[in-house]
Amino acid sequence: MKVLIFWDVYGRLWRKAMKENIPELKKKYNPDFTIVNIENATSGRGPVAEHAEFIESLWVDVMTWGDHIFDNAPSIKTFFEKKDCTLIRPANFYENSSFKQVGKGYIIVEKNWKRLLVFQLLGEVFMSHKVLNPFLKAQEILDSLDPKSYDAVIVDFHRETTAEIYGLAHFLDSKVSVVYGTHTHIQTNDAHILAGWTGLIGDVWMNGPFDWVIGAEFSSVKKRFLSGIQRWKIEQKTSGRYKVNALIVEIDEITKKCISIENISYLQK
Ligand SMILES: [Fe+2]
Ligand SMILES: [Fe+2]
């Protein structure tokens, strides 16, 4: 089984670029499934329903979120709650008798007689949301499902530090096929298979403007850096060079083992 993974479609520039790049990369790598993260799809913030629908229409099988999940909550709510929605949220948000989260934290998608389980977790270190322990939540999800109900497992770990994802990946080694990191918008040069059989990359990067500070115009964040005061508005970068970043992984669907993991990264011509 081959899976093509795009992290963090950032704003207008990349929504446009997706239309050209997804079909081309699909032709080149011939994946069984495609996963796209859309947490910054609308002007660098959480998507409105229209943008989620646009990305879904590009034959994307699973969409994930992150800490920007509720930026445009009223617009995305209906999309998120529709039957067979392919958008998932972090699985380790608080949920209890007095607060029910919308949507689901994991999904099993099926195509070409192959079944892929995907779940997303939020990290606990330096993140703004309070969440349940991601290690225990991962174990809980795996324990709650019959391993015969899926052929591969991919975990999107949305976190700030490399230490936390390495900890989770080693915890899940030989239990899941691939763990990939997201959120920093910087690709790490460390895609590899762990001592067991789980594939790992610290961070996939993002898809969007190249000459930026996490997707923003430097001029709009400069004052924040120089003054220490956060009141100035951050402007999204909407023109100039942009970069395509993705991950292609191959998984043996009989054993669930990762066979290969390779990052894709190029400047759009
Ligand atoms: Fe994020
Ligand atoms: Fe992001």
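In this text the structure is predicted, and so the values were computed from the model without any measurement.
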Legend entry - Under-4.0 Å salt bridge between Lys2 and Glu262: no

Legend entry - Rounded distance [0.5 Å steps], CD in Glu140 versus CG in Asn133: 10.5 Å

Legend entry - Closest contact, heavy atoms only, Ser174 versus Trp197: O-CZ2, 2.9 Å

Inset, instruction - Give the minimum heavy-atom separation between Gly208 and Tyr242, together with the two atoms involved. - result: O-CB, 3.1 Å

Inset, instruction - May I ask you to decide if Tyr106's main-chain N or O and Gln120's side chain share a donor-acceptor pair within less than 3.5 Å? - result: no

Legend entry - Within one Ile-Leu-Val-Met-Phe-Trp-Tyr cluster: Val155 and Ile261, side-chain cutoff 4.5 Å: no

Inset, instruction - Check whether any side-chain heavy atom of Phe119 sits under 4.5 Å from a side-chain heavy atom of Leu142, and report yes or no. - result: yes

Inset, instruction - Ignoring hydrogens and angles, tell me if any N or O in the side chain of Lys104 forms a donor-acceptor pair with the backbone of Cys85 under 3.5 Å. - result: yes

Inset, instruction - Over all heavy atoms of both residues, which pair between Gly66 and Pro90 is shortest? Give the atoms and the distance, please. - result: O-CG, 4.1 Å

Inset, instruction - Is it possible for you to check whether Lys256 lies under 6.0 Å from the centre of the six-membered ring of Tyr150, through NZ or CZ, and within 45° of that ring's axis? - result: yes

Legend entry - Contact summary for Ala91 and Ile141, nearest pair of heavy atoms: CB-CD1, 3.7 Å

Legend entry - Chi angles and distances behind the ring-ring contact (aromatic ring centres under 6.0 Å, His included) call for Phe93, Trp65: CA-CA 12 Å; Phe93 276 142; Trp65 274 0; 9.2 Å; no

Legend entry - Test log, rule salt bridge (Lys or Arg N to Asp or Glu O under 4.0 Å), inputs Arg159 and Glu164: CA-CA 7 Å; Arg159 85 297 164 265; Glu164 196 176 12; over 6 Å; no

Inset, instruction - Taking the side chain as every heavy atom from C-beta outward, state whether Ile154 and Ile35 have any atom pair closer than 4.5 Å. - result: yes

Inset, instruction - Spell out, yes or no, whether Val179 and Val118 are grouped together once hydrophobic residues are joined by side-chain heavy atoms under 4.5 Å, including indirect joins. - result: no

Inset, instruction - Nearest 0.5 Å please: distance from the CG atom of Asn40 over to the CG atom of Asn207. - result: 11.0 Å

Inset, instruction - Grab the two heavy atoms, one from Ile193 and one from Cys258, that are nearest each other, plus how far apart they are. - result: CD1-O, 3.4 Å

Legend entry - Asn21 and Gln268: side chain donor to acceptor below 3.5 Å: yes

Legend entry - Step-by-step salt bridge (Lys or Arg N to Asp or Glu O under 4.0 Å) determination, Glu110 to Lys114: CA-CA 6 Å; Glu110 188 168 354; Lys114 297 168 186 179; over 6 Å; no

Inset, instruction - Check whether any side-chain N or O of Thr188 sits under 3.5 Å from a backbone N or O of Asp190 as a donor-acceptor pair, and report yes or no. - result: no

Inset, instruction - Would you check if the side chain of Asn245 reaches a backbone N or O of Ser265 as a donor-acceptor pair within less than 3.5 Å? - result: no

Inset, instruction - State, with a plain yes or no, whether a side-chain heavy atom of Asp151 is found less than 4.5 Å away from one of Leu116. - result: no

Inset, instruction - Would you please say whether a donor-acceptor pair under 3.5 Å links the side chains of Thr184 and Glu160? - result: no

Inset, instruction - Look only at the side chain of Ser177 and the backbone of Ile251, and say whether a donor-acceptor pair between them is shorter than 3.5 Å. - result: no

Legend entry - side-chain hydrogen bond (donor to acceptor under 3.5 Å, both in side chains) assessment of His158 paired with Asn37: CA-CA 10 Å; His158 199 71; Asn37 179 274; 5.2 Å; no

Legend entry - Verify same cluster id: Leu200, Val249 (apolar side-chain graph, 4.5 Å): no

Legend entry - His129 side chain vs Asp67 backbone, donor-acceptor pair below 3.5 Å: yes

Inset, instruction - Would you check if Tyr266 and Lys243 make a side-chain contact, meaning some heavy-atom pair closer than 4.5 Å? - result: no

Inset, instruction - Using a cut-off of 6.0 Å, state whether more than 12 heavy atoms not belonging to Gln101 lie near its atom CD. - result: yes

Inset, instruction - Taking the side chain as every heavy atom from C-beta outward, state whether Phe6 and Val204 have any pair of such atoms under 4.5 Å apart. - result: no

Legend entry - Salt-bridge present (Lys223, Glu217; N to O < 4.0 Å): no

Inset, instruction - Could you tell me how the ring of Trp205 sits relative to the ring of Trp212: parallel (under 30°), tilted (30 to 60°) or perpendicular (over 60°)? - result: tilted

Inset, instruction - Consider only side-chain heavy atoms of I, L, V, M, F, W and Y, link residues closer than 4.5 Å, and tell whether Ile201 and Val62 are in one cluster. - result: yes

Legend entry - Ring-face cation contact, Phe171 with Lys175, 6.0 Å cut, 45° max: yes

Inset, instruction - Could you please spell out the steps behind the side-chain contact (heavy atoms from CB on, under 4.5 Å) verdict for Val3 and Ile248? - result: CA-CA 6 Å; Val3 186; Ile248 181 80; over 6 Å; no

Inset, instruction - Find out whether Leu4 and Phe33 are in side-chain contact, i.e. whether some heavy atom of one side chain is under 4.5 Å from a heavy atom of the other. - result: no

Inset, instruction - Measure the spacing between CG of Leu121 and OG1 of Thr64 and express it to the nearest 0.5 Å. - result: 11.0 Å

Legend entry - Donor-acceptor contact present, side-chain Arg115 to main-chain Ile108, <3.5 Å: no

Legend entry - Side-chain heavy atoms of Phe157 within contact of Pro134, under 4.5 Å: yes

Inset, instruction - Can you measure from NE2 (His183) to CD1 (Ile165) and round to the nearest 0.5 angstrom? - result: 12.0 Å

Legend entry - From Ser149 atom OG to Leu117 atom CG, the distance as rounded to the nearest 0.5 Å: 7.5 Å

Inset, instruction - Find the distance between NZ (Lys148) and CG (Leu145) and round it off to the nearest 0.5 Å. - result: 13.0 Å

Legend entry - Pair Asp8, His185: side-chain N/O donor-acceptor within cut-off below 3.5 Å: yes

Inset, instruction - Decide, yes or no, whether a salt bridge links Lys28 with Glu24 under the criterion of side-chain N to carboxylate O below 4.0 Å. - result: no

Legend entry - Any donor-acceptor pair under 3.5 Å from Glu253 side chain to Met1 backbone: yes

Inset, instruction - Taking atom types as modelled, find out whether Asn96 and Ser98 have a side-chain donor-acceptor pair closer than 3.5 angstrom. - result: yes

Inset, instruction - Please check if the side chain of Ser220 supplies one atom and the backbone of Glu235 the other of a donor-acceptor pair under 3.5 Å. - result: yes

Inset, instruction - List the atom of Asn72, the atom of Gly46, and the distance in Å for their closest heavy-atom pair. - result: ND2-O, 2.6 Å

Legend entry - Minimum side-chain heavy-atom gap His68-Asp71 below 4.5 Å: yes

Inset, instruction - Check Gln236, His51, Arg15 against Thr42 for a side chain to side chain donor-acceptor pair (under 3.5 Å) and give me the one that passes. - result: His51

Inset, instruction - May I ask you to decide whether Lys111 forms a salt bridge with Asp61, counting only side-chain N to carboxylate O separations under 4.0 Å? - result: yes

Legend entry - Flag, side chain of Thr198 to backbone of Leu194, donor-acceptor distance under 3.5 Å: no

Legend entry - More than 12 heavy atoms of other groups within 6.0 Å of Lys222 NZ: no

